[in-house]
Colleague: 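Structure incoming, see below.
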2 protein chains.
Amino acid sequence: MPPIKPTLTDVARLAGVSEITVSRVVRGKGPIAEETRLRVRGAIEALGYVPNRAAGTLASSASLFIGVILPSMHNIVFPEVLRGIYEGLAGSPYQPLLGVSEYDRDKEQEILASLLAWQPMAIITAGSDHTDVTRRLLSESGVRVVELMDTEGDPVDLVVGFSHRQAGYDSGRHLIARGYRRIGYVGHDWAADRRARLRYEGLVAALADTGLSLAAEVHADGPSSVTGGTEMLPRLLAAAPDIDAAVFVNDDMAVGGYFHCLAAGIAVKKDLALFGFNGLDIGQAIPMPLSTVRSNRFEIGRIAAERIIAEPKRPAVTEVVNTGYEIIEGATA
Amino acid sequence: MPPIKPTLTDVARLAGVSEITVSRVVRGKGPIAEETRLRVRGAIEALGYVPNRAAGTLASSASLFIGVILPSMHNIVFPEVLRGIYEGLAGSPYQPLLGVSEYDRDKEQEILASLLAWQPMAIITAGSDHTDVTRRLLSESGVRVVELMDTEGDPVDLVVGFSHRQAGYDSGRHLIARGYRRIGYVGHDWAADRRARLRYEGLVAALADTGLSLAAEVHADGPSSVTGGTEMLPRLLAAAPDIDAAVFVNDDMAVGGYFHCLAAGIAVKKDLALFGFNGLDIGQAIPMPLSTVRSNRFEIGRIAAERIIAEPKRPAVTEVVNTGYEIIEGATA
DNA sequence: CGTTCTTATGACAGCGCTAACATAAACCCA
DNA sequence: TGGGTTTATGTTAGCGCTGTCATAAGAACG
């Protein structure tokens, strides 16, 4: 029942040409007479030929894979980066090969090793916080390496992102400029999420520059979530009832905080300002649009992909593409 | 600078064994003396050997890929399915190879063709609404085919999901049982999303069984989103001001509707009941947890992956695994 | 009309690995 | 002690494709 898969040879025989000619037609490479092309196409159709990329990869020692390592699929942030990557790759023959590290450096290393076994022509990884082995593998692979999201740290090849520390700093400046002085922080378990920590440090630095410090901070155990914000904001308020603003590690948590305010009858902005991070759809959809930072995630993915296509060989010098960010004024701070 | 990649032969030479022995050590297959294994492992370490899976795939004509085709990455629904797939595959040597069809049947077909070129050992696709060519390719591929989400339609091999029509029907029964009679519907552009349409049909059928019909319906243009719900609910109310319940195509839209009620001072449930679909985190995090249907998306992905591992060869008979669903009572209906 | 260039095609080797079959040594039990 | 079994390793022959170089037939040119 499973029909024996036709190979190039079968197509070539049927079309009355050599294998290499069929190969050229399939890949659209090299000069082919129109008449020959049609004959070959006909044979391909007739046999239902599907090329074997494993053989192609082996023969040319160049796969069409781009290895992608993302830290999480628990919220929409990295799926958006991935969409950007697919968008940037659209129309090209390249195919992403995805691994999810769950914010675990060792797992990232494992995934990288298994991705490299497919001879990818590039590796995209979200983050710059790698194990030594990971860095070595990336560096020695010789293929293009794009590190996404954060511009701090020492690039292997190309970096696409922005400074999370600076974004945190600017968030603090924004609040200070609007008169908030007693600022609390709601975070999550950031042992893994280095970028969250960088934003936090930026925020603290902004406060320090004005002679302030965080009034209080609380940290959820698990990954960030809306319910996490709903749970943690009351704890923050218990620790420091007189704060006038709460900064959240991201929009998920901030929206949860907003819901707590709704339920507890706290007047948002007037009694308590809320500030998030990421610029998620949900944050802008709540009745009072969230004050937050737009992080251009889709763009980051798209640019990474486009850069790889534009320059498939690793250049001699490293480069940093700053995609910037933008404070969204919102209505909550 | 890019060091020549060591091959099996290099490892074999250094370890003083034959290539096949190294291959066996790498794959953990066949009997290997502990001493030999250590020697080979040492050589692998020393050379930084990374196996070439393209060669392995070609030689064994069995890749470790599982082709996955999902319709969208625009909301968290399919990333959750994907997480389930990764979870189910954890610890196995299999690697998902993802394509995103954007709810486009022709694109699904293209993606399938390109995935098949990698000789996947299975294909997971979300949905049963394929082009004829897609169905033929799936069927003739000879590998395991899992169609996710919906149990209606004619399976190629394995189906994992539940009946969306029935879920829509039960949503209608739920509302009717609670005394709602003037029911409106907020949908989106479902030309592509067949499952949304099935739920709608189930809902209409439930109403018809009680001698009722939809009081009004509106459809957003684009894909579903929170802001879409915020925009469309007022239109529904304009079309039928006296409705006592609104059913939304999914939770994103329903949450948007909830926000509209907040902003417009509509007492949710008392003046207007809201009902969603999917059981997203955000729906349960709003101050009044959304009445909706839990669709077990993570489980669907996980079960699909586990089934493939448990039975990697396509069996003679088709099978349907019903993952069920669950009405979440919530506070909005 | 020979020379050079361009276009179209083919022959052949080999990419790096593994299936299948051999071989050899060690072990087992009556 | 000798056949049978198990364990450990090797030999050989490709898997299906593409890079490289070769070839042939026109076209272009002075």
Side-chain angles (χ1 to χ4, degrees), chain A residues 2-41 43-44 47-65 93 114 116-121 142, chain B residues 2-41 43-44 47-65 93 114 116-121 142:
Chain A
I4 292 143
K5 289 195 183 151
T7 70
L8 259 196
T9 316
D10 301 319
V11 177
R13 194 174 311 136
L14 181 58
V17 296
S18 73
E19 301 182 23
I20 190 69
T21 301
V22 178
S23 174
R24 285 179 183 131
V25 170
V26 168
R27 288 178 297 153
K29 244 187 173 178
I32 295 288
E34 191 53 29
E35 189 223 352
T36 311
R37 182 193 310 280
L38 290 176
R39 198 143 37 87
V40 171
R41 285 240 174 277
I44 287 173
L47 294 174
Y49 168 70
V50 176
N52 183 332
R53 282 300 320 154
T57 298
L58 180 60
S60 66
S61 58
S63 89
L64 300 174
F65 281 131
S114 76
L116 286 176
W118 293 102
Q119 321 285 104
M121 57 86 69
Chain B
I4 292 143
K5 290 199 182 146
T7 69
L8 259 196
T9 316
D10 301 319
V11 176
R13 195 175 309 136
L14 181 59
V17 297
S18 71
E19 300 181 26
I20 190 69
T21 301
V22 179
S23 173
R24 284 179 183 130
V25 170
V26 169
R27 287 177 298 150
K29 244 189 173 177
I32 296 286
E34 192 53 28
E35 191 224 348
T36 310
R37 182 193 313 278
L38 291 175
R39 199 143 36 86
V40 171
R41 287 238 174 277
I44 288 173
L47 294 175
Y49 168 70
V50 176
N52 182 332
R53 282 299 319 155
T57 298
L58 181 59
S60 66
S61 57
S63 89
L64 300 173
F65 280 132
S114 77
L116 286 175
W118 292 103
Q119 321 287 106
M121 56 84 71

Colleague: Between D:dT18, D:dA8, C:dA19, spot the one nearest the side chain of B:A33, thanks.
Modeller: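 When the side chain of B:A33 is considered, D:dA8 is the closest of D:dT18, D:dA8, C:dA19.
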Colleague: Go through D:dG19, C:dA20, C:dC17 for me and flag the one nearest to the B:I20 side chain.
Modeller: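 The nucleotide sitting nearest to the side chain is C:dA20.
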Colleague: Which sits closer to the 5' end of DNA chain C, B:R27 or A:G30, going by the nucleotide each is nearest to?
Modeller: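 First, find each residue's nearest nucleotide; the 5'-ward one identifies A:G30.
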Colleague: Considering only D:dG16, D:dT9, C:dC17, which nucleotide approaches the side chain of A:N52 most closely?
Modeller: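 Nucleotide nearest to A:N52's side chain: D:dG16.
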Colleague: Could you tell me the separation between the CG atom of A:D10 and the CD atom of A:E19, rounded to the nearest 0.5 Å?
Modeller: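 It is 9.5 Å, given to the nearest 0.5 Å.
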Colleague: Which part of the nucleic acid does B:S60 contact within heavy-atom distance under 4.0 Å: base, sugar-phosphate only, or nothing?
Modeller: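 Sugar-phosphate only.
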Colleague: Between D:dC17, C:dA8, C:dT18, spot the one nearest the side chain of A:P31, thanks.
Modeller: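 Of the options given, the side chain of A:P31 lies nearest C:dA8.
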Colleague: Tell me whether the OP1 or OP2 atom of C:dT18 has a side-chain N or O from B:S23 closer than 4.0 Å.
Modeller: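 So the side chain of B:S23 is within the cut-off, an N or O lying under 4.0 Å from OP1 or OP2 of C:dT18.
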Colleague: If only side-chain N and O atoms of A:T36 are considered, is one of them under 4.0 Å from the OP1 or OP2 phosphate oxygen of C:dT9?
Modeller: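 Yes, because at least one side-chain N or O of A:T36 sits under 4.0 Å from OP1 or OP2 of C:dT9.
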Colleague: Would you mind telling me which residue lines up with the more 5' stretch of DNA chain D, A:R24 or A:V50, judged by nearest nucleotide?
Modeller: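 Closer to the 5' end of DNA chain D: A:V50.
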Colleague: Using a cut-off of less than 4.0 Å, is there contact between a side-chain N or O of B:T21 and OP1 or OP2 of D:dA8?
Modeller: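 Result: no.
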Colleague: Phosphate oxygens OP1/OP2 of D:dG10: is one of them under 4.0 Å from a side-chain N or O of B:S18?
Modeller: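 Yes, B:S18 has a side-chain N/O under 4.0 Å of OP1/OP2 on D:dG10.
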Colleague: Could you tell me if the side chain of B:T7 sits less than 4.5 Å from the side chain of B:N52, heavy atoms only?
Modeller: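 No, too far: nothing below the 4.5 Å cut-off.
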Colleague: Please tell me if the side chains of B:R41 and B:V25 come closer than 4.5 Å, counting only heavy atoms from C-beta onward.
Modeller: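 Yes, close enough: below the 4.5 Å cut-off.
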Colleague: Are B:W118 and A:T57 packed together at the side-chain level, in the sense that at least one heavy-atom pair is separated by less than 4.5 angstrom?
Modeller: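 Yes - at least one pair of side-chain heavy atoms lies under 4.5 Å apart.
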